[in-house]
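What follows is a single structure, written as structure tokens, with notes after it.
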Amino acid sequence: MSVRTSGTTTTADGRRSEGLAGGQPPAPAGEPAALGTGLGLDPDDLPDGLVVADETGRVICFNAAAARITDIAPEDAVGRPLEHALPLQDIEGRRWWRLTDPYGGLAIRRGQPERNLLLGGREVLVSARYVRSRPTGPVQRLVIALRGTEARRRTELSHAELIATVAHELRSPLTSVKGFTATLLQKWERFTDDQKRLMLETVDADANRVTRLIAELLDISRIDSGRLEVRRQRVDMSAAVRRHVQAQTTAGQRPDRFLIRMLEPLPDLWADPDKVDQVLGNLLENAVRHGEGTVTIEVGPVSDATSTEGTSVTVSDEGPGIPEESMSRVFTRFWRGSKRGGTGLGLYIVKGIVEAHGGTITVGRAPAGGAQFRFSLPVATPAFMI
């Protein structure tokens, strides 16, 4: 038995020769080496680390990815006993191969699930497969997959950042709520009705802020797990846009700051009205908060002939816009523009909602130089007909 690694085939007795897996002759120049029969795959082509040990426990394959992950040269591993070539330990410092005993343990075992192990002070994700010639027979080959922990660390860092952001955003309104309610309970008689109303309005606004943040967290959880539900109903996009503009003017914005353009006739649109409101509200709030000048909202049918029928909404402002180098990160978590404020989760949620509808959203530069967001939603099918 022989397996090719990094241009060298090592037999079970430790001898090396040029050639392919299974003792095949060397491949002609320009043709890939094979791993197994007819796959045309070199072990070094695999993205994850691959280590193979024979029936005696000696390493017969140690690919380039395994060398990169473990910082062990293939020539220092091939031909050596697995326990010495790959001295893995668990988090308690116990030697992994002696602990699991793949060759002498239960004959019904088929492998080891992926777990985090230590190799010379570095963390490595390791899984193993026991290859037997027959069920409950002796192990003929031990196939080990190795992966680095960088991707897992990035995920853990993202989760830690999310927790820190949420804790920070919750602390401010909850501190305000606690302070005002405690003051009112202790000194109710000392305040006038106007003072009481002001404090209660502040408590109400902060409670709404906490509620909105919790809703964002739930949305992120559903988006990340692919469980964001879309309850499609008939949506009048024109009326929805006008309603959100009215809300902005009621909140204190000048009516002449908004320009609505309707390119009719619009196709019938079936979407989740609450989530459409969430998208429109977020985009308009961003344009008002981070942009300048007139905010233009254009609603019309999808104009791209290659796309499915649907409705397109474009929100543009006349501010400084988004730097070219930042546009690829706009829809990621925690992205914030030049002006601080907010959790940096809004556009990430907007993208998840639009894509859950089967639509698309893009960002670019508006004709007046500001930011321009355009999202398109397909006509789709009513929920009761699905």
(message) Working note: Val295 + Ile297, criterion side-chain contact (heavy atoms from CB on, under 4.5 Å); need CA distance, chi angles, decisive distance, verdict.
(response) CA-CA 7 Å; Val295 176; Ile297 307 100; 4.2 Å; yes

Between [X] and [Y], which heavy-atom pair has the shortest distance, and what is it?
{"X": "Ala77", "Y": "Val59", "value": "O-CB, 3.4 Å"}
{"X": "Val51", "Y": "Ala66", "value": "CG2-CB, 4.0 Å"}
{"X": "Ala128", "Y": "Leu142", "value": "CB-CD1, 4.3 Å"}
{"X": "Gly352", "Y": "Leu228", "value": "O-CD2, 3.9 Å"}
{"X": "Pro255", "Y": "Thr249", "value": "CA-CG2, 3.7 Å"}
{"X": "Val210", "Y": "Pro173", "value": "CG2-CG, 3.7 Å"}

Please answer: with hydrophobic residues joined when any side-chain heavy atoms are less than 4.5 Å apart, are [X] and [Y] in the same cluster?
{"X": "Leu118", "Y": "Leu86", "result": "no"}
{"X": "Leu146", "Y": "Leu125", "result": "no"}
{"X": "Ile220", "Y": "Leu218", "result": "yes"}
{"X": "Leu200", "Y": "Leu174", "result": "no"}
{"X": "Leu263", "Y": "Leu269", "result": "no"}

Counting C-beta onward and ignoring hydrogens, is there a side-chain heavy-atom pair between [X] and [Y] closer than 4.5 Å?
{"X": "Pro267", "Y": "Thr311", "result": "yes"}
{"X": "Val288", "Y": "Asp317", "result": "no"}
{"X": "Val78", "Y": "Ile60", "result": "no"}
{"X": "Trp97", "Y": "Leu88", "result": "yes"}
{"X": "Thr192", "Y": "Gln195", "result": "yes"}
{"X": "Trp96", "Y": "Leu119", "result": "no"}
{"X": "Trp188", "Y": "Thr183", "result": "no"}
{"X": "Arg141", "Y": "Glu55", "result": "no"}

Thinking salt bridges, do [X] and [Y] make one under a 4.0 Å N-O criterion?
{"X": "Arg95", "Y": "Asp90", "result": "no"}
{"X": "Arg222", "Y": "Asp219", "result": "yes"}
{"X": "Arg147", "Y": "Glu114", "result": "yes"}
{"X": "Glu229", "Y": "Arg231", "result": "yes"}

[atom1] of [X] to [atom2] of [Y]: how many Å apart, nearest 0.5 Å?
{"X": "Asp76", "Y": "His84", "atom1": "CG", "atom2": "NE2", "value": "14.5 Å"}
{"X": "His244", "Y": "Glu285", "atom1": "NE2", "atom2": "CD", "value": "11.0 Å"}
{"X": "Phe180", "Y": "Glu201", "atom1": "CZ", "atom2": "CD", "value": "11.0 Å"}
{"X": "Gln248", "Y": "Arg243", "atom1": "CD", "atom2": "CZ", "value": "13.0 Å"}
{"X": "Arg209", "Y": "Leu213", "atom1": "CZ", "atom2": "CG", "value": "8.5 Å"}
{"X": "Ser376", "Y": "Glu309", "atom1": "OG", "atom2": "CD", "value": "12.5 Å"}

Determine whether a donor-acceptor pair (N or O, by modelled atom type, separation under 3.5 Å) exists between the side chain of [X] and the backbone of [Y].
{"X": "Asn63", "Y": "Asp42", "result": "no"}
{"X": "Gln112", "Y": "Ser127", "result": "no"}
{"X": "Asp206", "Y": "Ser176", "result": "no"}
{"X": "Ser221", "Y": "Leu217", "result": "no"}
{"X": "Arg132", "Y": "Arg109", "result": "yes"}
{"X": "Thr70", "Y": "Ile72", "result": "yes"}
{"X": "Arg234", "Y": "Trp270", "result": "no"}

(request) Report, as yes or no, whether the 6.0 Å neighbourhood of atom NZ on Lys196 holds more than 12 heavy atoms from other residues, nucleotides or ligands. (result) yes

(message) Is it the case that over 12 heavy atoms from other parts of the model lie below 6.0 angstrom from the CD atom of Glu264?
(response)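 More than 12 heavy atoms, drawn from other residues, nucleotides or ligands, come within 6.0 Å of this atom.
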
Going by atom types alone, do [X] and [Y] pair a side-chain donor with an acceptor below 3.5 Å?
{"X": "Gln372", "Y": "Ser316", "result": "yes"}
{"X": "Arg329", "Y": "Ser326", "result": "yes"}
{"X": "Thr56", "Y": "Asp54", "result": "yes"}

(request) Mind running side-chain contact (heavy atoms from CB on, under 4.5 Å) on Phe373 and Val330 for me, showing each step along the way? (result) CA-CA 11 Å; Phe373 290 88; Val330 165; 3.8 Å; yes

Please set out all donor-acceptor pairs under 3.5 angstrom arising from side-chain atoms of residues 354-366, sequence neighbours excluded.
| unit_1 | atom_1 | unit_2 | atom_2 | d |
| --- | --- | --- | --- | --- |
| Glu355 | OE1 | Lys351 | NZ | 3.4 |
| Glu355 | OE2 | Lys351 | NZ | 2.6 |
| His357 | ND1 | Ile353 | O | 2.9 |
| His357 | NE2 | Asp272 | N | 3.1 |
| Arg365 | NH1 | Pro320 | O | 3.4 |
| Arg365 | NH1 | Gly369 | O | 2.8 |
| Arg365 | NH2 | Ile322 | O | 3.0 |

(message) Before you tell me yes or no, could you show the steps for Val279 and Leu283 under side-chain contact (heavy atoms from CB on, under 4.5 Å), namely the whole-Å CA-CA distance, both residues' side-chain angles and the distance that decides it to 0.1 Å?
(response) CA-CA 6 Å; Val279 171; Leu283 294 181; 4.0 Å; yes

(message) Could you walk me through whether Arg98 and Glu83 satisfy the salt bridge (charged side-chain N to carboxylate O under 4.0 Å, His left out) test, starting with their C-alpha distance in whole Å, then the side-chain angles of each, then the deciding distance to 0.1 Å, before giving a yes or no?
(response) CA-CA 8 Å; Arg98 291 188 180 180; Glu83 184 176 352; 2.6 Å; yes

(message) Please determine whether side-chain contact (heavy atoms from CB on, under 4.5 Å) holds for the pair Arg242 and Ile260, giving the CA-CA distance in whole Å, both sets of side-chain angles, and the decisive distance to 0.1 Å.
(response) CA-CA 8 Å; Arg242 291 190 175 93; Ile260 302 176; 4.0 Å; yes

(request) Give every residue pair that meets the side chain to side chain donor-acceptor pair (under 3.5 Å) criterion with at least one member in residues 253-263, sequence neighbours excluded. (result) Gln253-Arg257, Arg254-Asp256

